[in-house]
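Below is one structure; the comments refer to it alone.
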Amino acid sequence: MIDIAGNELHKYYGSNHVIRGITFDVYSGERVGLLGKNGSGKTTLFRMITGEEFYESGSIFRASGRNIGMLSQIPVFGENDTAEDVLRSSFGNTAKLHREMSKIAGNADPKALARYGRLMEEYERLGGYETEVRLDKICSGMRIDSAMRKSRFNRLSGGEQTRVNLGRILLKDCDILLLDEPTNHLDLASIEWLEGFLRRFIGTVLVISHDRAFLDAVISRVIELEDGKANFYQGNYSQYIAEKEQRIQTQTAAFETQQKKIKQLDTAAKRLHDWARRADNEALHKKAFAIEKRIERMDKVEKPASASVLTAGFGSVGYAAKVIASFSAVSKRYGEKVILNDSHISVCRHDRIALVGANGCGKTTLLKMLTGEEAADSGTVKVSPNAKPAYMPQTITFPNPDASALETLCLATGETQPKARAILAKFHFRADDVFKKAGALSGGEKSRLKLCLMMQNDTNFLLLDEPTNHLDIATREWIETTLADFDGAMLFVSHDRYLLKKFAEKIWHIGGGVIMEYNCGYDEYTMKVRAGLPNNESGK
């Protein structure tokens, strides 16, 4: 049975023809990945499916009686609504009964007790206690602890709000889930839990994601948006990549063969025309015209599009000290929350260290202590005098958000506008893109501009906090190529398992005030953690 279908859909933003005659079907129970570069129209298509976005022509079919849940922008809730209230909003009538029961709980008045009893009977009849079990399971999987559940939703961080909102969607009695970047802001344990949840989910899943490991684990089919059109592939992400490469090779071979044939026919036609003119022979002209008609009637094989790639890289400096940074007896806390407790650990000149741990454990704080943005409560954080650090924060801001991307680069580097435009072009800021205000850029554009600024200076110590967030897959692959050529030290926070597996040569696991160091790659680290094996060393 078809759950969702689109037929000859067209969508414009001004003169930009974003969706160009797309036709597709999604069947019940499928797990489909909607892939494409940033700006290719993926989120627009989601919003068209839910009715939040209009389209100029075509039609969308949604199976009647099928409930759709969509994770995209975070809805606005009441000023005093807690995370618990947001989560329970998925339960409808049972949520209302739960609130009324909570108001009179503990009241010894006979009338209140009688009312409580009636409410409890209705709550039980509607499956309220089953919803409690579901709620606890979702909260456990999404790392939404009791303190967060009691907190006001609008006071949570952006990442925490995203997790609660995802939990709200998963708790709904949905038949179809539309998930737009669901792994953003989730820690690794929560991502793995979500993968398991979606594999067990009996409904239909359509997901936009740039998390390649997540796509490998969840999806079984790909709809790729490219130049406003849809391409279809069977299998998960790795299978999609292999098939796409095979298609490109096949199309390239067919294009080259046809072009060779066209050239031969064109040469033959020109030769016949030349002979016809010399001999004043109309019959030869007719033969030439027939060959030209044959060329015109050919079903032309399109030349495979070659995507422009980012080519810039990090500049490196020469000598760096053996120990480029160190923590000596460092302690740090926020109120009752201990981030580090008498920690001793160091970064050496060629280390590639992944900093992992649950959300809120202090990974970003540790990076900021190395940049000097945060101070230790006690102990010493030392960065070598010949270290040239470059820091990419998780939340990217610019000194003047009203300045254009071009002005931002000129102010940071002192370059002339023509030279700055040439630099920005390497990061896919072209034409009018360079005049966009830095503060109004999309998440991916901010990341590219920040990387552009970082790469204008030499560095031997990279501090990266979720460097692939908001980036499409092609840009993530460019980052990986760039990092592969970098010969300095690197300390990075990431939930991108492709990045972790490729670059982590050491793991620092932070939690409970302790940094545990594992002198191994990510796969071996996860094996040791799951098996309960001891680590190699520890930073107290």
Side-chain angles (χ1 to χ4, degrees), residues 37-38 210-213 238 241 245 306-325 347-356 367 370-371 383-384 386-394 396 409 412-413 415 419-420 422-430 444-508 519-523 525:
K37 296 184 295 184
N38 285 347
H210 297 140
D211 185 329
R212 293 157 289 178
S238 294
I241 287 295
E245 181 60 31
S306 56
S308 59
V309 296
L310 295 160
T311 55
F314 290 102
S316 61
V317 295
Y319 174 79
K322 181 178 180 180
V323 176
I324 203 163
V347 182
C348 294
R349 66 165 72 104
H350 297 301
D351 276 348
R352 295 186 169 207
I353 304 168
L355 186 57
V356 303
L367 293 181
L370 288 168
T371 67
V383 177
S384 170
N386 61 15
K388 301 291 183 184
Y391 174 48
M392 183 172 184
Q394 186 173 154
I396 296 172
L409 180 58
T413 63
E415 296 287 1
K419 180 65 182 296
I423 293 170
L424 286 169
K426 295 180 180 179
F427 293 82
H428 289 184
F429 288 98
R430 299 188 177 95
E445 289 170 330
K446 285 181 179 178
S447 295
R448 281 190 279 122
L449 182 56
K450 179 62 178 179
L451 286 165
C452 175
L453 295 173
M454 291 170 63
M455 289 180 180
Q456 303 316 302
N457 299 306
D458 291 337
T459 179
N460 54 16
F461 187 22
L462 288 177
L463 299 165
L464 307 174
D465 195 350
E466 298 289 358
T468 58
N469 261 11
H470 310 294
L471 298 179
D472 58 27
I473 290 173
T475 310
R476 290 179 182 217
E477 290 173 346
W478 162 69
I479 287 282
E480 291 166 1
T481 301
T482 300
L483 294 178
D485 294 333
F486 179 69
D487 61 0
M490 182 165 63
L491 179 61
F492 67 101
V493 177
S494 181
H495 296 142
D496 184 336
R497 285 162 292 177
Y498 263 66
L499 194 74
L500 288 166
K501 291 178 181 182
K502 189 164 186 175
F503 292 108
E505 296 173 358
K506 287 183 181 179
I507 306 292
W508 286 3
N519 193 20
C520 60
Y522 180 74
D523 282 336
Y525 155 75

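Numbers here are sequence positions counted from 1.
Among residues two or more places apart in sequence or in another chain, the side chain to side chain contact (heavy atoms under 4.5 Å, CB included) test is passed with I479 by L451, L471, L483. Remark: K502 engages E480 in a side chain to side chain contact (heavy atoms under 4.5 Å, CB included) (not counting sequence neighbours). For E445, the side-chain hydrogen bond (donor to acceptor under 3.5 Å, both in side chains) criterion is met by K436, S442, not counting sequence neighbours. In this structure, the side chain to side chain contact (heavy atoms under 4.5 Å, CB included) partners of T371, at least two apart in sequence or on a different chain, are K368, E373, Y391, L463. Under the side chain to side chain contact (heavy atoms under 4.5 Å, CB included) criterion, A325 pairs with V347, L370, V383, F461, not counting sequence neighbours. Among residues two or more places apart in sequence or in another chain, the salt bridge (Lys or Arg N to Asp or Glu O under 4.0 Å) test is passed with D496 by R212, R476.
R430 has its side chain within reach of H428: a pair of non-hydrogen atoms, C-beta onward, lies under 4.5 Å apart. The shortest distance between side-chain heavy atoms of K506 and I353 falls below 4.5 Å. For the pair P393 and K450, the minimum side-chain heavy-atom distance is below 4.5 Å. Annotation: side chain of M455 is not in contact with side chain of I423 (no heavy-atom distance under 4.5 Å). Between L499 and F492, some side-chain heavy-atom pair lies under the 4.5 Å cut-off. Counting only heavy atoms from C-beta outward, the side chains of K419 and T413 never approach each other to under 4.5 Å. Using a 4.5 Å heavy-atom cutoff, the side chains of M454 and L462 are in contact. Counting heavy atoms from C-beta outward, L409 and C452 have side chains that approach closer than 4.5 Å.
T475 OG1 to R448 CZ: the interatomic distance, rounded to the nearest 0.5 Å, is 6.0 Å. Taken to the nearest 0.5 Å, the CD atom of E505 stands 11.0 Å off from the SG atom of C520. In this structure, M392 CE and D465 CG are separated by 9.5 Å, a value rounded to the nearest 0.5 Å.
Residue A412 comes nearest to L453 through the heavy atom pair CB-CD2, 3.8 Å, listed as atom of the first residue, atom of the second, then distance. Scanning both residues, I324 and A387, for their nearest heavy atoms gives CG1-CB, 3.6 Å. Residue N460 comes nearest to F486 through the heavy atom pair C-CZ, 3.8 Å, listed as atom of the first residue, atom of the second, then distance. The two residues L500 and A354 make their nearest non-hydrogen contact at CD2-CB, 3.5 Å. Closest approach of L449 and F429 over heavy atoms only: N-CE1, 3.8 Å.
Side-chain N or O atoms of D351 include one that pairs as donor or acceptor with a backbone N or O of C348 at under 3.5 Å. Distance alone, capped at 3.5 Å, places no donor-acceptor pair between the H350 side chain and the G488 backbone. Side chain of T481 to backbone of E477: a donor-acceptor contact under 3.5 angstrom is found.
With respect to H210, the side-chain contact (heavy atoms from CB on, under 4.5 Å) criterion is satisfied by exactly one of T468, I473, N469: I473.
Ring centroid separation for the pair W478 and F427 comes in under the 6.0 Å cut-off.
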